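In what follows, every heavy atom counts, from backbone to side chain, and hydrogens, waters and symmetry copies are set aside. So that the names make sense, note that chain A is the first sequence line, chain B the second, and so on, each numbered from 1. For clarity, every value in this text was computed on a predicted model and none was experimentally measured.
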2 protein chains.
Amino acid sequence: MAEPATRTVERALQLLGAVCEAGAVSLAEVSRETELSASTALRLLRTLENSGFVRKDEEGEYRPGLRLVQLGAQALSHESLIHLAAPALQRLVEATGESAYLSVRGHQGTGNDHAVYLAIAEGTHSVRHASWVGRSVPLSGSSLGVVFAGKTPESGYVVSDKGVELDVTAIAAPLRQLGATDAAVDEGPLAAISVVAPSYRMNPAEIQRIGDLVAAEARALLGIPAGS
Amino acid sequence: MAEPATRTVERALQLLGAVCEAGAVSLAEVSRETELSASTALRLLRTLENSGFVRKDEEGEYRPGLRLVQLGAQALSHESLIHLAAPALQRLVEATGESAYLSVRGHQGTGNDHAVYLAIAEGTHSVRHASWVGRSVPLSGSSLGVVFAGKTPESGYVVSDKGVELDVTAIAAPLRQLGATDAAVDEGPLAAISVVAPSYRMNPAEIQRIGDLVAAEARALLGIPAGS
DNA sequence: TGATGCGTTTCACTTATTGAAACGCTAATT
DNA sequence: AATTAGCGTTTCAATAAGTGAAACGCATCA
């Protein structure tokens, strides 16, 4: 964990992240959030703006820029995972009526890991779990956390009740060797699919049914090589 | 057009762009493309890597990172435009069978402007124009170019034959005041929708039919305010 | 065996980043 | 009206920080 990083760039990226998280922020706000002096934040934001990574809206607040959307979308489409997983997610929705998610372990940075939702298939029930692509959820206490830790039991799926959100039940299964070299199996899976549903609608039988479905879809995905 | 930009950050962002464009590049390649010394490129790429904006794949090549996908996706979902336009695109596909696109004027940087596809509804014909979200297309000679220049004729749509691609016909219409302040009408529209089809399938009557449809959808979108 | 190209590290040079302070402004506050 | 508070912005001297040529080890290729 060496630290051969350029501070300026780190700060700029931090700023970029803060802008994206907020959706729209004033200079004073981001500079406080990132603990940068106003002048520094302004200079860096200008640079980001010149490159199209952020833009200033009509009210003078900073928002994510087009370049970012473009690069992100490009990267997304390079990620074949999403295309591969989409049909599986759809099938899960059809079979369960609940929302299904594809997530990957987020950037392992400072301590607390997160998972990032890469793709979503929304459930058909009018009361459903709704989230958004790009959302980052904490791993600790969630079924995804267990999955990403490589602790998935024989059954092939992990259930979490009252985890990150109190009234939802999440059922997750790992996409084990997706994109992983044979040597790196002990680092845990890179991706996972999950079904998230309101707890009141669940019972042991239903959980097992869905769990088996999720695990089956996850296993099915493993057969297909991840072409570029 | 002042230049109060930090060189380091600019270079890092340039590097990031190069990595995304390529999908996967070696250090030597990017450093040549961006005209940076290998040592500088390495240092900056390391910083980008530490922040999750790029990652190194098994072969040691640099690829777009998860953080970028995450931020891009987040930004995308904040962009209400896409959600607003999606139904219109779908209707165009249903009425024409051809692919329909939502695009915005890309970051006006160094000279040659581009448009970025933000959303796509794929046509139903087996031979269809296929592109991808995030793709950036040059404006010069395209119907989008005319539209973004604010030169759309009375008819409400612009047709380009043998433009950027030789064998396709594009029909575009501007989303005039979307997101624009009243004062900035002369800067041209910010977004446009278009239908792109193989030329051999087109004829004057069909072009006019589609043109009217595109213009009508574009006009319909203007009525709806762009909520956050 | 020599040549080429790669990723990487080192290091002296000095360039380019930094942040406190000051400015003008608007919007609450008194 | 006068006052305060907060914002975006600019300036500028101090110095912290980024730079790139050169050298290294390691591949692969002739």
Rounded to whole Å, the CD-P distance (B/E10 to C/dT17) equals 9 Å
When rounded to whole Å, the NZ to P distance for the pair A/K56 and D/dG8 reads 8 Å
Nearest heavy-atom approach of B/S103 to B/F148 is O-CZ, 3.8 Å
* Go through A/L175 and A/L102 one step at a time and tell me if the side-chain contact (heavy atoms from CB on, under 4.5 Å) criterion holds. => CA-CA 10 Å; A/L175 268 46; A/L102 166 70; 4.1 Å; yes
Margin query: Could you check whether B/E61 pairs with B/K56 (Lys NZ or Arg NE/NH1/NH2 to Asp/Glu carboxylate O, under 4.0 Å)?
Written below: no
Correct closest heavy-atom pair for A/R63 and A/V19 would be C-CG1, 3.6 Å
One would report the end-axis bend of the helix from C/dT1-D/dA30 to C/dT30-D/dA1, five pairs per end and rounded to 10 degrees, as 30°
Here the distance between atom C1' of D/dG8 and atom CG of A/L45, to the nearest Å, is 12 Å
Strictly under 3.5 Å: I want the nitrogen or oxygen pairs between protein and nucleotides 12-17 of chain D, one per line.
residue: D/dA17; atom: OP1; partner: A/R7; partner atom: NE; Å: 3.1
residue: D/dA17; atom: OP1; partner: A/R7; partner atom: NH2; Å: 2.9

What one should report as the nearest heavy-atom pair of B/P174 and B/A218 is O-CB, 3.5 Å
Across all chains, not counting sequence neighbours, the side-chain hydrogen bond (donor to acceptor under 3.5 Å, both in side chains) partners of B/Q90 are none
Ranking C/dG19, D/dC7, C/dC6 by distance to the side chain of A/A28, first place goes to D/dC7
Sorted by chain and number, sequence neighbours left out, side-chain hydrogen bond (donor to acceptor under 3.5 Å, both in side chains) with A/R32 holds for none
From the list A/T47, A/N50, A/T40, side chain to side chain donor-acceptor pair (under 3.5 Å) partner of B/T6 resolves to A/T47
Taken to the nearest whole Å, CG/B/L42 to C1'/D/dA22 is 16 Å
Using a cut-off of strictly less than 4.0 Å, decide whether A/R11 has a side-chain nitrogen or oxygen near OP1 or OP2 of C/dG19. yes
To the nearest angstrom, the CD-P distance between B/Q14 and D/dG18 comes to 17 Å
- Check whether any side-chain heavy atom of B/V158 sits under 4.5 Å from a side-chain heavy atom of B/P153, and report yes or no. yes
Here the distance between atom P of C/dT8 and atom CZ of B/R46, to the nearest Å, is 5 Å
From CG of B/L44 across to P of C/dG7 the rounded distance in Å is 15 Å
Contact check, residues 29-40 of chain B vs DNA chain D, heavy-atom distance under 4.0 Å, returns B/S37, B/S39, B/T40
note: A/L15, atom CG; C/dT17, atom P; distance rounded to Å ~ 15 Å
By salt bridge (charged side-chain N to carboxylate O under 4.0 Å, His left out), A/E122 pairs with (sequence neighbours left out) A/R128
Report task. Determine, for B/R55 against B/E49, whether the closest basic-nitrogen to carboxylate-oxygen distance falls under 4.0 angstrom. Result -> no
